[in-house]
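Scroll down for the structure; my scribbles are underneath it.
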Amino acid sequence: MTAPIVRSQVDNSRMELARAVLRVRLSQMLINERLKAKAFKVPVHLALGHEAIAVAVSAAMADGDSLYLTHRNIHYNIARAASLAAEVAELRLDPAGLAGGALGSMNMNNPARGIAYTSSILGNSLCVAAGAALAETVLDSGAVPFVITGDGALEEGVFYESLELAASVAAPMVVVAENNGWSLATRIEERRCPIRLDRLAAAFDLPYRRLAGNDVAAYAAELAGLRRLSQEKRRPVVVEAEVSTLGDWLMPHPDFPGGKHINYHHGAAPEVSPSDWPVIREDDGDPVFALGHRFDPDWLRSQARDLLAALEGELA
Ligand SMILES: Cc1ncc(C[n+]2csc(CCOP(=O)(O)OP(=O)(O)O)c2C)c(N)n1
Ligand SMILES: [Mg+2]
């Protein structure tokens with residue numbers, strides 16, 4: 001008799017995850033509208049296209065777990081936020097903001113919701129998370145630190161040192177590398193040799209998983225399993241999430257005369273606008289498009305419409 005109840009709980013949670021992806025997308029689109037209007041003094045790194053991994057990490061975190069973020073943190077902050085208005089106020093450096101306007105964009109955290117630390121210093125969140133993992137070997141509270149890094153930040157020595165420390169002291173830690181093929185405005189393939197994260201994890205004898213395709217429910221289930229593994233085995237785990245950073249950030253560049261631009265991946269994405277079908281790219285690199293394979297398109301549109309109205313109301 002329990003099977004139907006379990007099934008409906010699974011469906012409910014799948015639908016909640018889909019709604020969360022739409023909410024993170026639409027919230028970013030509303031922030032993007034304010035970026036277009038130059039409403040913020042601080043640079044904001046949107047993460048359009050990174051919604052599924054952020055929602056899945058947030059869903060996989062248990063009470064007491066902590067999260068450590070980078071300059072591109074808005075998707076995780078929104079996924080875990082109770083209030084979008086407080087985050088937008090923080091981007092305005094407003095005293096009504098999430099951190100009283102003291103942290104702004106690149107250091108935005110939210111300890112009440114488990115976001116313990118965010119740093120604009122590339123790689124810095126990794127060693128702070130490794131410190132939390134080390135503390136867990138003493139506290140033994142059952143909590144697991146989750147840390148997010150970009151593929152550009154893999155070049156930092158602290159990435160290796162943090163893995164080595166957490167592995168050496170037998171600490172739980174989930175490391176998620178968002179692989180978007182970019183280090184801000186520079187393509188990874190143009191700047192360095194490939195770094196094979198699967199082999200690097202194997203070198204430390206750590207479990208490794210690659211997530212691709214933006215199936216948010218599958219990601220959440222995989223991450224929850226890895227969290228359990230990390231906690232039970234007292235081992236760091238390494239996750240590589242393939243992401244496409246969507247929207248062209250066109251910034252005039254003096255090296256490119258004649259109206260040419262470079263894709264800078266921060267600031268406003270001029271071609272992107274909110275709508276009740278907030279797809280930016282028609283392939284599975286877009287987590288909202290990917291929802292269309294698994295949910296009724298009419299349901300998705302009605303959810304997006306309701307969410308957009310609610311979020312606009314919140315920000316009015
Ligand atoms: C120690 C340090 N060096 C350089 C920078 C400048 N910087 C900011 S973001 C970035 C590249 C980030 O690439 P990645 O980690 O892949 O993140 P993405 O922007 O692609 O999400 C660099 C070099 C910095 N913030 N900190
Ligand atoms: Mg990158």
Side-chain angles (χ1 to χ4, degrees), residues 24-25 28 31-32 35 40 42-58 67-79 91 103-109 115 117-131 146-163 174-198 200 210-212 214 219 238-251 253 261-269 272 280-281 285-287:
V24 178
R25 169 61 54 87
Q28 292 197 84
I31 292 171
N32 188 42
L35 281 166
F40 308 123
V42 293
V44 179
H45 301 78
L46 293 177
L48 298 162
H50 300 223
E51 293 85 355
I53 185 64
V55 167
V57 164
S58 180
L67 180 58
Y68 302 82
L69 301 175
T70 75
H71 65 291
R72 197 178 301 283
N73 61 66
I74 192 80
H75 41 328
Y76 294 93
N77 266 298
I78 295 169
L91 297 179
L103 295 177
S105 157
M106 282 197 275
N107 299 287
M108 189 191 285
N109 63 33
I115 305 180
Y117 181 77
T118 298
S119 177
S120 57
I121 304 168
L122 222 53
N124 181 235
S125 51
L126 287 149
C127 54
V128 177
F146 283 68
V147 60
I148 313 301
T149 176
D151 48 348
L154 301 187
E155 295 163 29
E156 301 288 332
V158 71
F159 176 76
Y160 309 87
E161 293 170 296
S162 301
L163 270 191
V174 179
V175 178
V176 177
E178 291 189 348
N179 183 349
N180 65 354
W182 288 89
S183 177
L184 279 187
T186 315
R187 283 186 192 281
I188 294 290
E189 68 199 32
E190 288 170 344
R191 62 181 283 115
R192 64 158 161 81
C193 63
I195 297 175
R196 287 279 304 268
L197 210 42
D198 54 344
L200 197 62
R210 180 171 169 273
L211 301 179
N214 285 311
Y219 281 18
V238 179
V239 179
E240 184 165 16
E242 299 296 331
V243 291
S244 301
T245 307
L246 303 174
D248 288 328
W249 280 261
L250 302 176
M251 190 181 77
H253 194 282
H261 297 79
I262 60 168
N263 198 345
Y264 202 63
H265 295 108
H266 87 57
V272 172
I280 298 173
R281 212 174 73 191
D286 185 329

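Position 1 is the first residue of the sequence, and the numbers go up from there. Note that ligands are numbered from 1 as they come in the structure, with each ligand's atoms numbered from 1 the same way.
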Exercise. So which heavy atom on Trp182 is nearest to which on Ile188, and how close?
Worked result: N-CG1, 3.5 Å
Exercise. Asn73 and Thr118: side-chain donor and acceptor closer than 3.5 Å?
Worked result: no
Exercise. In the protein, how many N/O/S atoms are under 2.8 Å from the Mg ion (ligand 2)?
Worked result: 3
Problem set entry | Contact list for residues 119-131, test salt bridge (charged side-chain N to carboxylate O under 4.0 Å, His left out), sequence neighbours left out | none
Exercise. Measuring from each atom of ligand 1, which residues have a heavy atom under 4.0 Å away?
Worked result: His71, Arg72, Ser120, Ile121, Leu122, Gly150, Asp151, Gly152, Ala153, Asn180, Trp182, Ser183, Leu184
Seminar exercise, completed: Here the pair of heavy atoms bringing Phe40 nearest to Leu35 is CD1-CD2, 3.6 Å
Exercise. Is a side-chain N or O of Glu242 found less than 3.5 angstrom from the main chain of Arg210, in a donor-acceptor match?
Worked result: no
For this session: Determine the minimum heavy-atom distance between Pro43 and Met106, stating which atoms define it.
Result: CG-CE, 3.9 Å
For this session: Please confirm whether the backbone N or O of Leu154 pairs with a side-chain atom of Tyr160, one donor and one acceptor, at under 3.5 Å?
Result: yes
For this session: Measure the CD-CG distance between Gln28 and Leu48 for me, rounded to the nearest 0.5 Å.
Result: 4.5 Å
Problem set entry | Pairwise salt bridge (charged side-chain N to carboxylate O under 4.0 Å, His left out) hits with a residue in residues 174-191, at least two apart | Glu155-Arg191
